[in-house]
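The structure appears below as structure tokens.
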Amino acid sequence: MSDQKTPAWAVAEADALAARSVNCEPPGALAEKLAEKRPLRVKLGVDPTAPDIHLGHTVVLQKLREFQDAGHTAVLIIGDWTARVGDPSGRSSTRPMLSPDEIDRNAETFRRQADLVLDPERTEVRSNGEWFAGMTLADVLALTSHVTVNQLLRRNDFATRMADDRPISMLELVYPLMQGYDSVMVEADVELGGTDQLFNLMLGRELQARMGCPVTQVSLTMPLLVGTDGVQKMSKSLGNYIGVTEPPEEQFGKAMSVPDATMAEYYRLLVPAEPGPTGHPAAEKRRLGRLIADRFHGPGAGEAAEEHFNRVTRDHKAPDDVPEHVLGPDDPVHLPALMVAALGLPSNGEARRLIQQGAVSLDGVPVADLDVARERLSGAVLKAGKRRFARLVAGD
RNA sequence: GGGGGGAUGCCCGAGUGGCCAAAGGGAGCGGUCUGUAAAAUCGCCGGCUCAGCCUACGGAGGUUCGAAUCCUCCUCCCCCCA
């Protein structure tokens, strides 16, 4: 086990595989494993709590892909059972539980989207329901016998909540054990995760050792990608995310709205092969937006998205592909109702407000009236706010 | 088992009988500015074809001319003691 015996090539390879990571624990362990010259089993667990993958997920997925490209096996664990519990990591409060149906649907979507980053050929997909569904109470007790509450409470999320007298559910306490047991079952050599996962990953290592698993895993954690708000970590529920399946124009637009200070981190974590930003922030952000759109929608998508952006956002013009909306028989037309129908606004009141605030126009001419003659609407482009459009056409 | 505290709009949080569609903050949306960045600034922010009406302060009843505010029961949550 002495570090001296680890060959230099293995150390170099370990360094390369640990690029951009925050932790790679324990020190030297990855190199030792690589020195064994066998394909490592690299585990990544994802809880299908939200169906869509966003760029934050891709940071870790990309790392997993790098392991695949180096000849190792990716073990993607869909946490259909852990999702029922809710991971407390990085959370200040308990998560709501999801219904089995919801979980299944999410898992399916997630799996499909993960293949945008991973090499499906070298991905072993498992569901932890495989081993959790059939567990008896005796099994569960045996599992819990390996850790102490004190040990679990040392974890930061719990410690601060204890200090603040905020609730910690039993289920949450069990979560790290479940995740750790996954590692035992798939015999993971390496487990990847965000920095918030370090505790869970280390516990997995301990469980493996205590439960007689032939390997103990290396914990490799990646930085958490900050959201488009530049403040909180990217997450669907905070609405500060860029989804991998979003339309390229959306991705480009969202990339443009990222704070300047955050841009360098996006370059580093999302497009590590590209040179970082050195020019004018606006130009570099455009490049970033193009790279992101290209990556998930193919070459050329970025350029098209940028043109769309120029047209709609910079020049305040309607895009080429304005969706059509067929007018009803009313005359005059009640504009708020029309806006709800044609533009998907949440309520007539919202539409009414936009009109009052001068945010609504017909063919570029601001509208102030709530009721508009049908004749004036027919054939016109209705616009509300910066980027909601509909081309109105007369019905029959 | 005993005692105490709490549940308010997307989130946090004020409000303890009328002046409450409910302070304040955050988030969000819109206008101006701009690089859809930051900063600034003005406005909106329950629903309704809207000077009015309707629905709302955990749930169900009740007291009252009038209840987010008082009473009863219920549900859920937190803390302390055991």
Side-chain angles (χ1 to χ4, degrees), chain A residues 91-97 158 161-172 226-242 246-267 277 279-290 292-293 305-317 319 328-341 343-361 364 366-374 377 382-389:
Chain A
R91 284 267 167 161
S92 51
S93 56
T94 309
R95 278 180 199 249
M97 285 201 265
F158 294 143
R161 276 202 259 164
M162 283 295 274
D164 297 350
D165 278 346
R166 271 177 295 143
I168 298 168
S169 82
M170 204 60 188
L171 248 32
E172 292 175 279
V226 71
T228 52
D229 57 358
V231 181
Q232 290 179 280
K233 84 168 184 180
M234 185 174 284
S235 94
K236 175 121 181 169
S237 54
L238 293 171
N240 60 359
Y241 69 99
I242 301 177
E246 284 190 89
E249 305 84 48
E250 255 345 89
Q251 294 178 330
F252 187 91
K254 285 185 178 181
M256 288 302 286
S257 74
V258 166
D260 288 1
T262 308
M263 186 173 35
E265 188 71 349
Y266 271 44
Y267 266 99
H280 184 84
E284 293 293 23
K285 227 179 279 181
R286 280 171 177 268
R287 179 160 68 93
L288 177 67
R290 286 195 303 268
I292 291 170
E306 184 171 20
E307 275 164 34
H308 181 273
F309 173 88
N310 288 342
R311 185 176 174 85
V312 175
T313 306
R314 189 190 61 192
D315 304 334
H316 302 291
K317 287 194 212 139
D330 297 359
D331 191 7
V333 178
H334 187 56
L335 202 49
L338 173 66
M339 287 166 66
V340 170
L343 304 173
L345 291 172
S347 70
N348 288 11
E350 180 72 27
R352 186 180 284 263
R353 263 169 239 133
L354 288 173
I355 295 167
Q356 277 159 4
Q357 296 187 119
V360 179
S361 65
V367 195
D369 309 307
L370 294 179
D371 294 283
V372 180
R374 202 160 181 279
L377 295 172
L382 175 66
K383 180 185 183 191
K386 286 179 205 131
R387 25 180 304 201
R388 271 183 287 247
F389 298 93

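In what follows, every heavy atom counts, from backbone to side chain, and hydrogens, waters and symmetry copies are set aside. Below, chains carry the letters A, B, ... as their sequence lines are ordered, and counting in each starts from 1.
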Query raised in the report: Would a distance-only check, ignoring hydrogens and angles, find a side-chain to backbone donor-acceptor pair under 3.5 Å from A/Asp371 to A/Pro332?
Result: no
**Report entry** Partner nucleotide, any strand, of B/rG24 [Watson-Crick/G-U, under 3.5 Å]
**Finding:** B/rC12
Requested in this report: Could you give the distance separating B/rG52 and B/rG26 at their C1' atoms, to the nearest angstrom?
Outcome: 33 Å
Report summary line: One should read off an interatomic distance between A/Arg290 CZ and A/Arg287 CZ, to the nearest 0.5 angstrom, of 8.0 Å
Query - G-U wobble or Watson-Crick pairing nucleotide for B/rA82 (cut-off 3.5 Å, both distances) - result: none
Report task. Quick one: look up who B/rG66 pairs with, Watson-Crick or G-U, both distances under 3.5 Å, and put none if it's unpaired. Result -> none
Query raised in the report: Are A/Asn348 and B/rU49 close enough that a side-chain N or O sits under 4.0 Å from OP1 or OP2?
Result: yes
Query - Check: A/Arg374 side chain, A/Gly328 main-chain N or O, donor-acceptor pair, under 3.5 Å - result: yes
**Report entry** Nearest-Å distance once atom C1' is located in both B/rA27 and B/rC20
**Finding:** 23 Å
Query - Rounded C1' spacing from B/rU72 to B/rG47 in Å - result: 32 Å
Requested in this report: Using the six-membered ring of A/Phe252, assess whether NZ or CZ of A/Lys285 lies under 6.0 Å from its centre and within 45 degrees of the ring axis.
Outcome: no
Report task. Using a strict 4.0 Å threshold on nitrogen-to-oxygen distance, state whether A/Glu250 and A/Arg387 make a salt bridge. Result -> yes
**Report entry** P spacing across the pair B/rC57 / B/rC50, given as an integer number of angstrom
**Finding:** 25 Å
Report task. With C1' as the reference atom in both, quote the distance from B/rC19 to B/rA68 in angstrom, rounded to an integer. Result -> 16 Å
Query raised in the report: side-chain contact (heavy atoms from CB on, under 4.5 Å) between A/Lys383 and A/Arg388: does it pass, once the steps are laid out?
Result: CA-CA 6 Å; A/Lys383 180 185 183 191; A/Arg388 271 183 287 247; over 6 Å; no
Query - Pairwise C1' distance, B/rA82 and B/rC70 [rounded to whole Å] - result: 34 Å
Query raised in the report: Using purine N1 to pyrimidine N3 plus N6-O4 or O6-N4 for Watson-Crick, or N1-O2 and O6-N3 for G-U wobble, each under 3.5 Å, what pairs with B/rC76?
Result: B/rG6
Report task. For A/Ile355 and B/rC48, give me the distance from atom CD1 to atom C1', rounded to whole Å. Result -> 14 Å
Query raised in the report: For every nucleotide of nucleotides 26-40 of chain B, 5' to 3': is a protein heavy atom under 4.0 Å from its base (B), only from its sugar-phosphate (S), or from neither (-)?
Result: ---SSS---BBB---
Query raised in the report: Is there a Watson-Crick or G-U wobble partner for B/rC33 with both distances under 3.5 Å, and if so, which one is it?
Result: none
Requested in this report: Could you work out the separation of B/rA21 and B/rC45 based on their C1' atoms and round it to a whole Å?
Outcome: 12 Å
Query raised in the report: Can any side-chain N or O of A/Ser257 pair as donor or acceptor with the backbone N or O of A/Lys254 at less than 3.5 Å?
Result: yes
Query - Nearest-angstrom distance, P atom, B/rG43 to B/rU36 - result: 25 Å
Query raised in the report: Is the shortest side-chain N/O distance from A/Arg352 to OP1 or OP2 of B/rG46 below 4.0 Å?
Result: no
